[in-house]
Amino acid sequence: MRGAWRTIAVVFVVVMLGAASAVWLRRSGAPPRPAAFDGPSASTNVPENAMGDSASDGADWFDEVDSTGIAFRHVRGCTAEKPFPAANGSGIGVIDFDRDGWEDLYFGTGTPFPIESGRSEPFNQLHRNVGGLRFQDATSASGTGHTGFTAGVAVGDIDNDGFPDIYLSCYGANVLLHNLGDGTFESTGREAGVDDDKWGSSAAFFDADRDGLLDLYVANYAKWTLETNQYCGDRQRQVRLFCGPTSVEPEPDVYYHNEGDGTFRRATESAGFVGAPGRGQGVVAADVNDDGWIDVYVTNDLNANLLYVNRGDGSFRDISEASGTAYDGVGTRQAGMGVDAADFNEDGRVDLFVTNYQDEHNTLYENLGNEVFEDVSEPKGVALDSLPWIGWGTSVSDFDLDGWLDLIVTNGHVDDNRELLGQKAPYEQPGLLWKGNGRRFERVKRNAGDYFERPRVGRALVVADLDRDGDLDVVIGHQDRAPCVLRNRAAERSPSVRRAVIELVGIGGNRDAVGGTMVFHDGTRGQRRLVKGGGSYLSQSSHRQVVALPESDGPRGKWTIEIRWPDGRAASPWEIEPGRWYACWQDGRIAIRDLPWESSASNGQGRTDRPEPNGK
């Protein structure tokens with residue numbers, strides 16, 4: 001009997017490896033299937049009612065805002081030669097650049113190939129939040145209109161002056177935009193030593209060694225030039241496709257240590273970032289093993305994902321394969337793109353979520369403790385609905401403010417012409433929203449909002465409380481299109497919803513408190529929120545945290561918050577009240593405002609209506 005079971009197991013592994021090989025070949029630019037082929041595979045046919053009835057009723061979760069004042073339109077830079085970088089898109093950064101308390105938006109863009117020096121457009125754009133989900137173009141005045149091909153956008157205060165800076169990972173020299181504090185930026189990448197010219201993708205700021213200074217991890221994709229660009233597709237039919245990831249050689253990532261004098265030191269190998277090179281796509285920095293030191297997780301495109309845990313001294317060890325986060329649950333390398341880290345089941349351990357390519361389910365890695373994770377995508381409800389689509393930007397957040405984390409993913413294909421080869425691979429694809437209950441996720445279909453009923457070609461995704469009403473709005477970037485701002489209607493859907501907004505402010509360093517952890521508890525259940533570096537896809541969401549505080553039936557009857565700061569120090573728990581916005585300083589001072597926080601925006605000259613004890 002034991003031998004029979006062994007035979008069955010071997011057959012299962014062979015079948016799964018065959019399926020994985022089929023996906024790999026399809027993405028590698030192998031000859032397409034005949035015109036009679038009726039879809040990528042049987043498993044990727046759109047599930048019945050994939051866009052049908054919702055599992056939940058009531059008002060829509062999100063409204064698409066029509067009049068935001070944002071005139072930005074992304075340019076992917078595609079030409080008849082199908083230059084590879086044009087397939088992957090560009091990022092978005094949430095940044096309160098003028099410290100007026102309203103979070104602004106920075107949009108990256110691609111550019112046509114070949115990239116010519118001196119080109120004046122297209123260019124990245126910075127849009128200043130003036131309240132009411134309205135924005136004003138501040139690009140020219142701020143000096144942030146970088147031309148060239150921008151992939152990733154990272155945001156962090158590298159010199160702890162209170163004014164966040166912007167890092168751009170590019171195809172071509174990367175760029176550091178230093179915030180001067182007067183509404184303007186200067187480009188200092190070369191002087192700072194971070195102007196690497198490899199093909200960069202996502203990047204993340206985080207304090208690796210607790211010295212109070214934000215260091216920088218830059219994921220690189222591959223070695224590619226327009227001159228070496230291969231032809232993929234069907235020459236006879238004259239249908240050219242973007243080549244798959246196996247057509248290009250992976251490029252090693254780079255880690256920079258912040259020296260505290262405006263410069264960074266390249267310290268990739270000495271810090272222990274020595275995993276096998278992968279085609280880097282997503283990066284998130286968060287404390288995944290709850291030891292008080294921030295860790296780094298990198299998603300790679302048809303290479304093993306990488307999980308580096310901090311040794312407790314600013315150096316890292318590679319536990320990718322041992323942890324179970326390098327591959328999916330059957331040991332297959334997936335095309336990792338977007339990523340997030342969050343405690344989805346509120347068991348006190350940080351889990352990981354990765355978006356992947358068509359015919360590869362998006363992967364939820366549950367943290368089992370002791371640096372071991374398990375692929376629970378299917379039993380937790382995120383596998384089946386994600387199979388037909390190509391996932392990119394993502395966020396695991398409590399959008400409906402019920403105290404449990406939900407999940408959002410934006411989707412879109414890389415090719416807009418596969419139907420000419422008889423393939424059911426739509427270029428425009430629907431965004432997906434799942435409601436969480438702590439045990440599993442359930443797809444929201446009927447009342448997610450109009451945005452989710454109209455397919456798009458999504459890439460970047462960020463979340464932030466843009467209108468300061470105490471819930472998380474969403475901004476999604478699209479290929480060759482304008483971005484969409486989605487207003488969260490949680491307060492309207494549930495007028496009695498209780499929530500609070502918390503912003504951590506470091507003292508003496510790491511002003512955004514990246515790597516900090518907040519635990520909210522009512523004596524019965526807890527909620528954990530992380531201040532993360534990077535995440536999603538090529539983007540940086542807000543560092544402010546929104547937490548639901550439902551009526552408590554716990555023994556305390558009240559919710560308390562306990563903050564663990566990035567340097568490992570923990571503040572004593574204190575009572576938190578719903579309907580408030582809290583700015584919490586590391587030295588114990590707290591500033592409070594009522595929600596919605598509706599005070600006016602600044603004049604863009606660095607003045608702030610955010611209350612700060614030091615008066616700055």
Side-chain angles (χ1 to χ4, degrees), residues 60 62-75 89-110 120-147 150 153 155 163-164 166 177 179 182-185 393 410 431 449-451 454 456-489 491-492 539-542 544 596-610:
D60 287 350
F62 292 96
D63 280 340
E64 186 175 343
V65 184
D66 294 326
S67 302
T68 63
I70 297 173
F72 173 78
R73 182 184 179 92
H74 178 263
V75 176
S90 304
I92 301 173
V94 177
I95 175 173
D96 183 5
F97 80 97
D98 52 6
R99 283 183 56 202
D100 65 355
W102 296 87
E103 296 196 288
D104 314 301
L105 297 171
Y106 187 81
F107 299 97
T109 186
S120 60
E121 58 181 21
F123 51 85
N124 298 347
Q125 293 187 21
L126 175 64
H127 286 262
R128 181 171 167 268
N129 190 341
V130 295
L133 292 175
R134 295 282 301 174
F135 296 82
Q136 292 178 349
D137 189 344
T139 311
S140 178
S142 63
T144 54
H146 172 69
T147 59
T150 295
V153 177
V155 176
F163 293 93
I166 302 172
L177 298 174
N179 193 333
D182 60 358
T184 69
F185 292 73
T410 184
D450 288 345
Y451 178 87
R454 295 200 296 267
R456 318 289 174 97
V457 190
R459 290 297 186 268
L461 183 151
V462 293
V463 299
D465 183 9
L466 295 173
D467 51 3
R468 304 201 308 195
D469 65 349
D471 55 30
L472 288 171
D473 309 300
V474 179
V475 183
I476 302 176
H478 308 103
Q479 294 284 72
D480 291 329
R481 295 289 186 271
C484 285
V485 176
L486 306 182
R487 180 175 69 94
N488 193 329
R489 299 185 61 193
E492 295 179 28
S539 300
Q540 176 65 61
S541 291
S542 172
R544 295 176 187 167
W597 174 18
E598 297 176 339
S599 52
S600 62
S602 78
N603 62 4
Q605 299 302 312
R607 296 196 323 214
T608 178
D609 63 8
R610 181 174 71 187

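Excluded from the calculations below are hydrogen atoms, water molecules and symmetry mates; all remaining heavy atoms, backbone and side chain alike, are included.
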Verdict with reasoning, V474 to T410, per side-chain contact (heavy atoms from CB on, under 4.5 Å): CA-CA 11 Å; V474 179; T410 184; over 6 Å; no
Residue Q136 excluded, over 12 heavy atoms near CD under 6.0 Å: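 No - once you tally the heavy atoms of other residues, nucleotides and ligands closer than 6.0 Å, there are 12 at most.
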Would you please name every residue forming a side-chain hydrogen bond (donor to acceptor under 3.5 Å, both in side chains) with [X], sequence neighbours left out?
X: S90; result: H74
X: H127; result: Q125
X: T150; result: N124
X: D480; result: R76

Residue pair R487, D467: steps toward the side-chain contact (heavy atoms from CB on, under 4.5 Å) verdict: CA-CA 8 Å; R487 180 175 69 94; D467 51 3; 4.0 Å; yes
Separation of [Y] [atom2] from [X] [atom1] (nearest 0.5 Å):
X: I95; Y: D104; atom1: CD1; atom2: CG; result: 7.5 Å
X: D96; Y: L105; atom1: CG; atom2: CG; result: 11.0 Å
X: N129; Y: I70; atom1: CG; atom2: CD1; result: 8.5 Å
X: D473; Y: L486; atom1: CG; atom2: CG; result: 8.5 Å
X: D60; Y: N488; atom1: CG; atom2: CG; result: 11.5 Å

List the atom of [X], the atom of [Y], and the distance in Å for their closest heavy-atom pair.
X: N179; Y: F97; value: ND2-O, 3.0 Å
X: E64; Y: C484; value: OE2-SG, 3.2 Å
X: F135; Y: V130; value: N-CG2, 4.2 Å
X: V462; Y: I92; value: CG1-O, 3.4 Å
X: V94; Y: V463; value: CG2-O, 4.2 Å
X: D471; Y: D465; value: O-OD1, 3.0 Å

Partner set under salt bridge (charged side-chain N to carboxylate O under 4.0 Å, His left out) for D137, not counting sequence neighbours: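 Salt bridge (charged side-chain N to carboxylate O under 4.0 Å, His left out) check on D137 returns nothing, list empty.
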Under the salt bridge (charged side-chain N to carboxylate O under 4.0 Å, His left out) test, residues paired with R489 that sit two or more places apart: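 D63, E492.
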F72: ring-ring contact (aromatic ring centres under 6.0 Å, His included) partners, not counting sequence neighbours: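 For F72 the ring-ring contact (aromatic ring centres under 6.0 Å, His included) partners, ignoring immediate neighbours, are F107.
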ring-ring contact (aromatic ring centres under 6.0 Å, His included) against Y451, all qualifying residues, sequence neighbours excluded: H478
Expected output: side-chain R468 to main-chain G101 donor-acceptor under 3.5 Å: yes
Donor-acceptor contact below 3.5 Å, side chain R134 vs main chain S67: yes
Counterpart residues, side-chain contact (heavy atoms from CB on, under 4.5 Å), relative to T144 (two or more places apart):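 Applying side-chain contact (heavy atoms from CB on, under 4.5 Å) to T144 gives Y106, L126, T139, S142, L177, F185.
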Listed partners of T147 passing side-chain contact (heavy atoms from CB on, under 4.5 Å), at least two apart: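 Residues passing side-chain contact (heavy atoms from CB on, under 4.5 Å) with T147: F123.
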